[in-house]
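Taking it in order: structure first as C-alpha cells, then the write-up.
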Amino acid sequence: MGRSITLARILLGGVFAVLLAGAAAAQQLTVWHDLGDNGTKWFAEAGQAFAEAHPGVTVRAISFPTEQWFGRVIAAINTETAPDLIFNNYERVIRIAGETGKVMDLRPVFAGIADKDFLSDDDLRVATYGGRMIILPVQRVQMAFGVRKSWLRKVGENFPATWEDALRVGGKFQADDPEGTGKGSVFGFALEAAHPRDLIHMLDLFTFGAGLRHTLIDPAGAIVIDEPQHAKVLEEFLKLFTTYHLVPPDTINYSFNEMYQVIEGGRAGMFRVGDWNVTKWDSQAIKGDFLVGPWPRFFADRQNAVVIGGMRGVAVPENSPHKELAEQFAAFLLSKPAQQASLRDVGSAVRKDLDVSGLSERASMFARPTWPLVAYDFPESVHSWYPQLEAAFHRKLLGAIANPPTDYPAFIHQTAEEMRALAKTLAQKPG
C-alpha cells in the first residue's frame with residue numbers, strides 16, 4: 001500500500017510539473033499597432049514563426065485608428081496596464097516616449113542582434129531619441145510619385161520627369177477630363193493640408209524628391225526655407241493651391257482620409273504612392289491604373305528621387321507585462337521570416353535578402369528599387385521642439401493658401417525670419 005501511495009504521489013507530482021511548465025511556456029504577447037488588417041495578419045504570421053523557437057508563446061495584435069492608438073497607449077502605460085509591445089511610425093513613438101517617459105532603451109537588445117548589417121546609419125539615427133534607442137527599425141517606408149496610366153495615354157503624355165512636365169500634364173488632366181466624369185470633377189494633384197503633418201509632409205516629398213536635404217530646418221538649427229532652391233520649391237508648392245488651381249478647392253481641409261478618397265475615387269491624376277498602398281491599388285480602387293517613379297525634378301544640378309519618408313518600428317514599454325519575451329520578439333521582427341511576412345503583408349521591410357518573386361510589378365519596384373532614393377531627415381529626432389515649430393509654419397502656409405500673397409518671395413523671406421526667431425526661443429526653453 002505504501003509503495004502504491006508513493007508511486008501515486010510521484011506520478012501526481014510529475015503531472016503537476018508538466019502542467020506548471022506548460023503554464024510557464026503558454027504566454028501571450030500583445031502588440032498594439034495602427035496598420036489595420038494587413039498589420040494584424042503580419043503579426044500573426046511573425047508570431048507563428050517566433051513560436052517555433054518559443055513553444056506555447058502566441059502573439060495577439062490589436063489595431064487601432066492612429067488617434068485612438070495614441071490615447072490608448074499613453075493611458076495604458078501611465079496606468080500600469082501597458083501592452084507588451086507597441087508598433088508605429090518613429091515620430092509617433094517619439095510622442096509616446098515624450099509624454100510617458102516609459103519607453104525602454106533598446107540599445108542592449110540591438111547589440112545582441114547578430115544579423116543587422118542591412119540597417120543604414122539613417123535607419124539607426126531615426127531610431128534614436130533623447131540619447132535612447134526607442135524603436136528597432138522594422139519597416140522602411142518609401143513614397144513615390146504616382147500618375148494615372150490611362151490618363152497619360154489619353155492626353156498624349158509620358159510620365160512627368162520635371163516640374164514643368166508635371167504642371168503641363170496636370171493642366172491637361174483637368175482640361176481634358178480623361179476619366180470621363182465631367183469637366184471640373186478631376187484634378188491634377190491629390191494633396192492634404194488640414195494638419196501640420198498633412199501639409200508639411202506633402203512639402204517634404206516635393207522638397208526631398210527634388211534632391212534637397214531639409215524642408216524647414218537643418219540639424220544645426222538653421223532655417224532653410226528662404227535658401228534659393230528651397231524657396232523655389234515652396235513657392236511652386238503653394239501655387240498648386242492658389243495660382244495653378246490644380247487641387248480640389250477644399251484641399252485645405254483634407255487629411256489622409258480625404259486625400260485617399262480623391263485618389264481612390266478617380267478624381268486625381270498625380271499623387272503620393274506609399275509602398276503600403278500598392279497591394280490595394282493594384283487590385284481595388286484604381287485597379288492597377290497607375291505608374292510610379294521619382295518625384296519631379298526641379299533643378300538640373302539636383303538628382304530627383306523617391307523619398308524614404310518614414311520608419312516604422314517596434315518599441316517596448318518599460319512596464320511591459322512580459323518584458324524579456326517582448327524584447328526577444330522585437331528582435332525577431334528583424335529576422336528573415338518576419339521580414340518576408342512584413343514585405344508580403346504590409347509592403348515594406350528593411351532587409352535586402354528577401355524573395356520578391358510573388359510581388360506585383362509595382363510592389364517589386366519598391367522592394368528592389370532601381371530608382372534614386374533620398375531619406376527624410378527626421379528633424380524630430382534632432383530637435384525635440386520641432387513639432388511646435390512645424391505647427392507655426394503650418395499656420396503660416398495655411399494663411400498663404402487662404403489669402404495668397406501678392407509677392408511670394410517676400411512672404412517666404414518674412415516667414416523664414418519668423419521661424420528663425422521662434423526656433424531660437426524654443427531651443428532656449430528648458431527641457
Taking atom [atom1] of [X] as the centre, report whether more than 12 heavy atoms of other residues, nucleotides or ligands fall under 6.0 Å from it.
X	atom1	answer
N158	CG	no
D353	CG	yes
E80	CD	yes
K154	NZ	yes

- Query: Among E258, E192, H394, whose side-chain contact (heavy atoms from CB on, under 4.5 Å) with D198 holds?
  - Reply: E192

- Query: How close do A338 and A46 get, heavy atom to heavy atom, and via which atoms?
  - Reply: CB-CB, 4.2 Å

- Task: Could you point out which residue of F145, F237, F159 forms a ring-ring contact (aromatic ring centres under 6.0 Å, His included) with W295?
- Result: F145

- Query: Picking from F87, F64, F70, what satisfies ring-ring contact (aromatic ring centres under 6.0 Å, His included) with W32?
  - Reply: F64

- Compare all side-chain heavy atoms of D84 with those of L325 and state whether any distance is below 4.5 angstrom. no

- Would you check if M143 and H201 make a side-chain contact, meaning some heavy-atom pair closer than 4.5 Å? yes

When you check the gap from the basic side-chain N to the acidic O, do [X] and [Y] get nearer than 4.0 Å?
X	Y	answer
R267	E179	no
R344	E45	yes
R132	E318	yes
D218	R213	no
D204	R197	yes

In terms of relative ring orientation, are [X] and [Y] parallel, tilted or perpendicular, with 30° and 60° separating the classes?
X	Y	value
F332	F329	parallel
F378	Y376	perpendicular
H33	F43	tilted
H214	F208	perpendicular

- Message: Determine whether a donor-acceptor pair (N or O, by modelled atom type, separation under 3.5 Å) exists between the side chain of D345 and the backbone of N38.
- Response: no

- Using atom types as modelled and distance alone, determine if a side-chain donor or acceptor of S342 lies under 3.5 Å from a backbone N or O of S348. yes

